[in-house]
Amino acid sequence: MKLGTVVVLAGSIRPTALMSSLGLHTLELPARADQTLLEAWIESLQAWDAEEIRIVVNSTADAARIGALLPPTRQQSVRVMSEPASWRGSAGLVCDLTADLEPDDIVTVVEGGALPPASMGPLVGAMTSLTTAVIGATEAHEPAGTYLFRRKVFRSISAVGYHDIKEQLLPAINEQRGVVKLAVLGREFIRIRDR
């Protein structure tokens, strides 16, 4: 099993205090001494055979800024774009950005403003032909901002309006008796919001 098409959610309702004070997008921040968060995500996702990486940010200015950071060798498999519509919520946004995919295609969703997990292996390993969704979690079973879905789970989302992954999509999958699994990705999930 592969990651399929990956949607990296890298926008925010408003910039974090860290982003504002540094004048940088979260993806521009260093994840290591020699690697930005953007590079860390791309490396992690491509190691697990992501077919395409779609990075979504708030504005066209952000998309141009982040797109300019991509090495030429990555530009064919990585696309940076701005949100096509406002106030769609994470599930609505993923629905809009993956409308071109087939119902059984795999869609991976990750929070770009966090460190990638050490391995995507548990997430990929939990997805079977009978699985509808896999939720990445910490050892304490807290959400780790990483999900695998079959594209068909988004078909119930309307073209207009707000639709969140945790609040609306996962309960809808449960109501439709979809098979949802949990995959432990590590001890903790680290969002980059402050120093």
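Please read these numbers as outputs of a predicted model, since none were measured by experiment.
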Any Lys/Arg nitrogen of [X] or [Y] sitting under 4.0 Å from an Asp/Glu carboxylate oxygen of the other?
X      : Y      : answer
Arg88  : Glu83  : no
Glu175 : Arg177 : no
Asp34  : Arg32  : yes
Arg151 : Asp104 : no
Lys152 : Glu102 : no

Does a side-chain heavy-atom distance below 4.5 Å link [X] with [Y]?
X      : Y      : result
Leu170 : Asn174 : no
Leu169 : Ser90  : no
Gln168 : Tyr162 : yes
Val56  : Val8   : no
Leu69  : Thr36  : no
Asp105 : Arg150 : no
Val6   : Glu52  : no
Ile106 : Glu51  : no

Could you grab the distance from atom CD1 of Ile66 to atom OG of Ser82, nearest 0.5 Å is fine?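 So the gap between those two atoms works out to 12.5 Å.
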Supply the atom-to-atom distance Leu93 CG to Arg54 CZ, rounded to the nearest 0.5 angstrom.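 If I round to the nearest 0.5 Å, the distance is 11.5 Å.
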Locate the shortest heavy-atom distance separating Leu97 from Asp100; write the atom from each residue and the value.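 Closest heavy-atom pair between Leu97 and Asp100: O-OD1, 3.9 Å.
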So which heavy atom on Gln46 is nearest to which on Val78, and how close?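 Closest heavy-atom pair between Gln46 and Val78: NE2-CG2, 4.1 Å.
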Quick check on side-chain contact (heavy atoms from CB on, under 4.5 Å): which of Ile53, Val94, Ile55 does Val7 satisfy it with? Val94
Should we count CD of Glu167 as having more than 12 external heavy atoms under 6.0 Å?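 Check fails, neighbour count at 12 or below.
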Cluster question for you: counting only ILVMFWY and a side-chain heavy-atom cut-off of under 4.5 Å, with indirect links fine, are [X] and [Y] together?
X      : Y      : result
Ile192 : Leu9   : no
Leu185 : Leu45  : yes
Leu101 : Ile157 : yes
Phe154 : Ile173 : yes
Met81  : Leu27  : no

Distance-only, no hydrogens or angles: does the Thr146 side chain make a donor-acceptor pair with backbone N or O of Ala144 under 3.5 Å?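 Yes; at least one donor-acceptor contact below 3.5 Å.
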Return yes if some donor-acceptor pair links the side-chain N/O of His25 with the main-chain N/O of Ala63 below 3.5 Å, else return no.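 Not a single qualifying donor-acceptor pair exists.
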For residues 119-138, which side-chain N or O atoms pair as donor and acceptor with protein atoms under 3.5 Å away, sequence neighbours left out?
unit_1 : atom_1 : unit_2 : atom_2 : d
Ser119 : OG     : Gly121 : N      : 2.9
Thr128 : OG1    : Leu130 : N      : 3.2
Thr128 : OG1    : Thr131 : N      : 3.4
Thr128 : OG1    : Thr131 : OG1    : 2.8
Thr131 : OG1    : Thr128 : N      : 3.1
Thr132 : OG1    : Val179 : N      : 3.0
Thr138 : OG1    : Ala140 : N      : 3.2
Thr138 : OG1    : Glu142 : N      : 3.2

Could you tabulate the donor-acceptor pairs under 3.5 Å formed by side-chain atoms of residues 108-117, not counting sequence neighbours?
unit_1 : atom_1 : unit_2 : atom_2 : d
Thr108 : OG1    : Leu3   : O      : 2.6
Glu111 : OE1    : Arg191 : NE     : 2.9
Glu111 : OE2    : Arg191 : NH2    : 3.1

Sequence neighbours excluded, the answer for side-chain hydrogen bond (donor to acceptor under 3.5 Å, both in side chains) partners of Asp49 is none
